[in-house]
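Residue numbering restarts at 1 for every chain, and letters A, B, ... go by the order of the sequence lines. Computed from a predicted model, the values in this text were never measured in an experiment.
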Amino acid sequence: MGEDRNSFIFRLLLTLFVILAINFFLPRMMPGDPFSTTSADEVGEEIIVMTEEQRLYYMNYYGLDRPLHEQFLVYMKNLMTGDLGRSIYYKMPVSDVIMLHLPWTMLIVVGATVISTVSGVVLGTFSAKNRKKGSDRIMMTGLIAFAEIPSFLLGLILLLVFSVYLRLFPLAGAITPFADYNGPAEQAWDILYHAFLPVVTLSLSQLTGVYLLTRNTLITVITKDYIRTARAKGLGEKTVWNRHALRNALLPVVTRTGFMIGIMMGGVVLVESVFSYPGIGMTLRSAVVGRDYPLIQGILLVIAVSILICNLLVDKIYGKLDPRVVI
Amino acid sequence: MSLLKINDLKCHYLTDISTVKAVDGISFEIEEGEILGIVGESGSGKTTVALGIMGLLPENAAISGEILYRDELISSLPESGMDRFRWKDIAIVFQNGLEVMNPVLKVGVQVTEPMIRHLEISPGKARSKCADLFRTVGLDPKWMDLYPHQLSGGMRQRVLLAMALSCEPKLLILDEVTSALDAFTRKEIRDLLVDLQKEKGYTMLMISHDITFVSSVASRIAVMYSGKVVESGPVRDILVSPRHPYTRGLVHSTPDIFVYKDLWGIPGDVPAGEEFKGCPFRPRCTQKIDICNKASPVLMPVGGGREIACHRGGIAGLLEARNLSFSYRLPDGEYLQAVDNVNLEVREGEVLAVVGQTGSGKSTLAHILANVIRPEYGEVLFMDGNVSGGNYGNRVNGIQIVFQDPFSSTSNRFTVLDAVKEPLYINKIGSNGDRLQMVKNALELVRLPNTDNFLSKYCGELSGGQRQRVALARAMVMEPKLLIADEITSALDVSTSANVLRLLKGLQNRRGFAMIYISHDLSLTLKIADRIAVMNSGKIVETGNSHDVMLSPYDEYTKRLVGSRIGLCCHNH
């Protein structure tokens with residue numbers, strides 16, 4: 001057991017190191033640097049074109065003129081002390097920038113995970129129960145066709161229909177600017193109101209996967225001997241499905257949810273951009289445009305670590321749900 | 001009123017390409033407190049019957065016929081209606097398998113679950129009842145909190161039994177409960193079932209291919225073949241004198257019943273349920289007649305509470321000898337009574353061994369039966385005709401005999417071809433070309449080469465084992481219904497004789513002819529015989545199933561014969 005644990009920790013550290021190295025070198029392989037930006041992110045933003053002297057001064061100031069391996073060593077050393085560096089664009093610590101934007105992303109990712117999993121399981125169960133009937137066929141064809149729409153396109157459509165034409169939802173942002181709330185309930189309502197479309201877009205992009213997995217696993221599970229045993233005991237169809245079949249069918253769904261969060265972390269960059277939602281996805285995008293190396297590294301690190309944590313959690317939860325798995 | 005009554009039940013599985021008739025019109029009844037066993041090979045439809053009663057057949061099963069529980073029709077109930085009967089009235093112990101219990105629920109939970117639902121008791125009370133049940137089936141209640149995969153096969157089977165008993169059902173169905181268990185566990189489960197039946201008077205339907213297990217618990221058995229019941233009756237009667245050729249094959253291939261005999265299964269396979277006209281057992285049957293191709297036999301009562309489905313009324317008699325007597329005149333004018341008022345019967349497809357010491361009259365009897373010599377008194381009837389009148393030796397599908405000494409029964413100056421062809425030539429069977437092919441086939445049967453080189457060899461050039469095989473081929477070329485083998489291995493060494501004997505029994509098993517095997521060697525006959533007749537001084541002193549004769553001989557002479565076997569150093573007789 002101890003040996004298993006050690007090798008597990010070793011593998012985890014190795015994974016982390018590889019991720020850190022990629023995070024570090026990849027942004028620096030892009031053309032340009034933080035001080036030769038020529039395009040503005042938003043219309044109307046002032047473009048500051050630096051002179052070569054200024055550029056060299058700043059490069060020296062941030063230590064970017066030193067050899068790459070030296071920069072990497074410094075980065076690693078600072079990371080050990082929990083220092084993620086300073087954002088060149090925001091002129092403040094990277095950790096502060098991330099803490100400012102991460103909660104919004106968490107809100108929509110967690111919300112989308114919950115919604116897509118729950119509705120996927122419910123729809124999948126319904127479909128499996130009505131297998132080979134019309135409702136199952138229509139639902140399956142519809143959802144598969146739906147899954148082929150890219151999430152940013154879906155987001156644009158939703159934005160156009162519900163925000164631009166119907167004016168039901170806001171066009172951008174996570175809260176109403178300069179709002180004065182009468183108590184936390186109103187504030188929560190405002191937050192949900194802004195998060196609704198991004199969450200729906202993200203959920204819909206994941207829904208079909210969960211639905212298909214639930215449906216197909218259930219269809220396999222329902223033919224197992226233990227389902228026959230449960231039926232023989234006269235427990236009633238409801239108990240047979242919910243207690244005996246679904247419990248077994250949910251095991252792969254749980255595993256999938258772990259991966260899903262990783263996939264969504266990628267998708268969130270696009271969705272947040274479409275809805276101008278101030279999460280780390282949008283921050284990452286502007287950091288890439290501005291070649292803000294420390295910020296890119298920091299955000300990518302946060303995403304990578306959160307995926308690792310999710311996978312770890314899934315393993316633990318799986319162990320609790322399936323007694324056959326020993327962790 | 002019977003507890004369960006099944007009327008002409010049919011379950012056909014419909015697949016995209018074909019229809020599998022798993023159960024094809026069976027009817028039976030189970031009285032309250034009775035244990036009925038259903039036996040049959042795998043694929044005979046036993047489990048489908050069990051699932052049919054529970055209403056658990058898959059969606060692609062087409063069901064017709066009636067299943068009545070206490071005169072209430074339960075075969076066409078919807079799921080919810082069936083749930084009223086499930087577990088409280090009819091419960092089933094499934095065949096043990098890794099996935100027969102839910103892998104993610106503790107076994108205790110799975111046992112208490114139906115109690116909470118059907119008996120409407122609290123979870124706490126159900127748990128304490130579950131602990132009692134665990135003790136009843138011989139499990140420590142602490143195992144309740146384990147998951148199915150943490151238990152051994154035997155423990156899982158006990159949990160399944162506890163689960164089935166949890167709501168005290170009126171009818172308990174047991175489906176192959178012992179097939180995966182070791183001998184000790186199997187016996188413990190058996191004893192447990194017997195005790196349960198005695199104490200609580202459970203009515204049981206026991207389904208298994210394990211005829212020994214079923215017959216040790218059940219009072220009545222039904223033998224299923226290819227979706228039909230071919231024979232049913234009281235257990236003891238069926239085991240001792242099976243009437244259907246299939247039942248006999250099943251009994252004879254059970255090592256617990258025939259302890260000494262080599263294992264020979266029933267040749268062939270169950271027809272795979274496709275459109276099949278006639279008797280389903282026909283391809284494997286040794287006594288089929290024309291009608292067997294055309295119509296399927298119906299289960300008919302034959303008295304003594306027994307029923308049988310066979311166009312020939314069960315295993316038919318093949319040869320019957322009545323009051324045979326024969327004596328030799330000795331040089332001093334005295335008469336030696338070699339065969340003294342012998343009555344004998346040989347049935348289709350069976351191996352009867354006639355055992356006795358040298359000079360007991362065995363060979364003389366064999367010669368009379370083969371119509372080589374005529375008896376002084378009595379008559380021999382072969383297929384209901386008189387042997388001496390009908391001359392069954394010189395026709396195809398008749399009687400053939402193979403003698404003790406191959407060196408004198410085959411001529412040195414004959415080639416192998418001539419020796420084997422001779423009976424065809426004498427009896428004018430087939431053209432010359434046909435005969436050559438028949439000879440070659442016969443040689444192949446007895447595992448001799450059928451090359452031209454071998455065919456033109458002289459018998460004098462062959463070894464003893466080869467010559468005995470040539471003699472056997474000469475008998476086989478006539479495709480006999482009855483083969484009389486008179487001490488055919490006594491002139492051969494141990495290894496050769498073992499080979500010839502296995503060859504002979506293999507041929508008999510495959511081709512289904514009956515055989516009278518005459519020998520003085522009791523150990524050897526036990527390997528192949530179904531029945532044994534013991535002969536002493538011209539009389540048959542004891543006849544019976546080979547295991548009965550061996551294990552519990554009643555005649556003094558038989559006892560001496562059994563006791564006369566020379567044991568090895570470590571066996572004392």
Side-chain angles (χ1 to χ4, degrees), chain A residues 121 125 127-137 213-215 217-256 314-327, chain B residues 47 50-51 53-60 77-107 109-119 145-151 156 159-160 163-164 166-167 169 173 175:
Chain A
V121 167
T125 311
S127 221
K129 278 184 186 172
N130 296 292
R131 191 160 95 95
K132 287 186 175 167
K133 285 186 197 157
S135 53
D136 168 48
R137 292 216 170 115
L213 188 66
T214 309
R215 176 188 177 272
T217 319
L218 264 178
I219 282 170
T220 318
V221 164
I222 211 71
T223 63
K224 298 275 185 189
D225 284 353
Y226 52 81
I227 298 299
R228 196 180 63 188
T229 308
R231 286 223 167 98
K233 291 198 276 188
L235 301 172
E237 280 299 281
K238 221 171 124 190
T239 316
V240 169
W241 279 91
N242 295 345
R243 188 185 172 101
H244 288 266
L246 209 51
R247 254 196 93 148
N248 283 283
L250 282 184
L251 296 173
V253 175
V254 168
T255 315
R256 203 201 130 82
V314 163
D315 276 355
K316 291 280 174 212
I317 293 170
Y318 199 94
K320 286 260 181 287
L321 290 179
D322 190 343
R324 287 165 296 187
V325 176
V326 180
I327 300 181
Chain B
T47 298
L51 295 180
I53 296 169
M54 295 299 296
L56 290 172
L57 288 169
E59 283 166 19
N60 66 338
L77 286 176
E79 279 289 312
S80 52
M82 201 54 218
D83 282 345
R84 279 196 297 128
F85 294 96
R86 283 176 183 158
W87 234 247
K88 224 174 148 182
D89 288 298
I90 311 173
I92 181 167
V93 184
F94 284 108
Q95 182 173 4
N96 176 36
L98 199 58
E99 292 212 311
V100 72
M101 274 186 277
N102 198 325
V104 301
L105 292 176
K106 288 174 182 169
V107 292
V109 172
Q110 298 190 53
V111 175
T112 50
E113 195 177 37
M115 293 194 264
I116 296 169
R117 175 153 191 117
H118 296 299
L119 307 180
D145 290 323
L146 291 186
Y147 290 95
H149 72 281
Q150 292 167 314
L151 302 178
R156 265 206 303 274
V159 173
L160 284 168
M163 198 195 277
S166 62
C167 297
I173 302 174
D175 186 12

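Of the N and O atoms on the side chains of B/Gln110 and A/His244, not one donor lies less than 3.5 Å from an acceptor on the other residue.
At a 4.5 Å heavy-atom cutoff, the contact between B/Leu51 and chain A is made by side-chain atoms alone. With a 4.5 angstrom heavy-atom cutoff, B/Met101 touches chain A only via backbone atoms. Of the atoms belonging to A/Thr239, it is side-chain heavy atoms, and not backbone ones, that fall under 4.5 Å from chain B. Looking at A/Leu321, only its backbone comes within 4.5 Å of chain B, counting heavy atoms on both sides.
Residues A/Asn248 and B/Pro103 share a closest heavy-atom pair of OD1-CG, 3.4 Å. Across all non-hydrogen atoms, the minimal contact from B/Trp87 to A/Ala232 is CE3-O, 3.2 Å. Closest of all the heavy-atom pairs between B/Asp83 and A/Gly234 is OD1-CA, 3.3 Å.
Contacts with chain A were tallied for B/Met54, B/His118, B/Met82; B/His118 has the most, counting heavy-atom pairs under 4.5 Å.
If you take CD on B/Glu99 and CD1 on A/Ile227, they are separated by 10.0 Å, rounding to the nearest 0.5 Å.
At distances below 3.5 Å, at least one donor-acceptor pair connects side-chain atoms of B/Arg86 with backbone N or O atoms of A/Arg231.
Within the 4.5 Å cutoff, no side-chain heavy atoms of A/Thr229 are placed close to those of B/Ile92. Using a 4.5 Å heavy-atom threshold, the side chains of A/Lys233 and B/Met163 count as touching.
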- [ ] May I have the step-by-step check of side chain to side chain contact (heavy atoms under 4.5 Å, CB included) for A/Arg243 and B/Glu113, ending in yes or no?
- [x] CA-CA 11 Å; A/Arg243 188 185 172 101; B/Glu113 195 177 37; 2.7 Å; yes
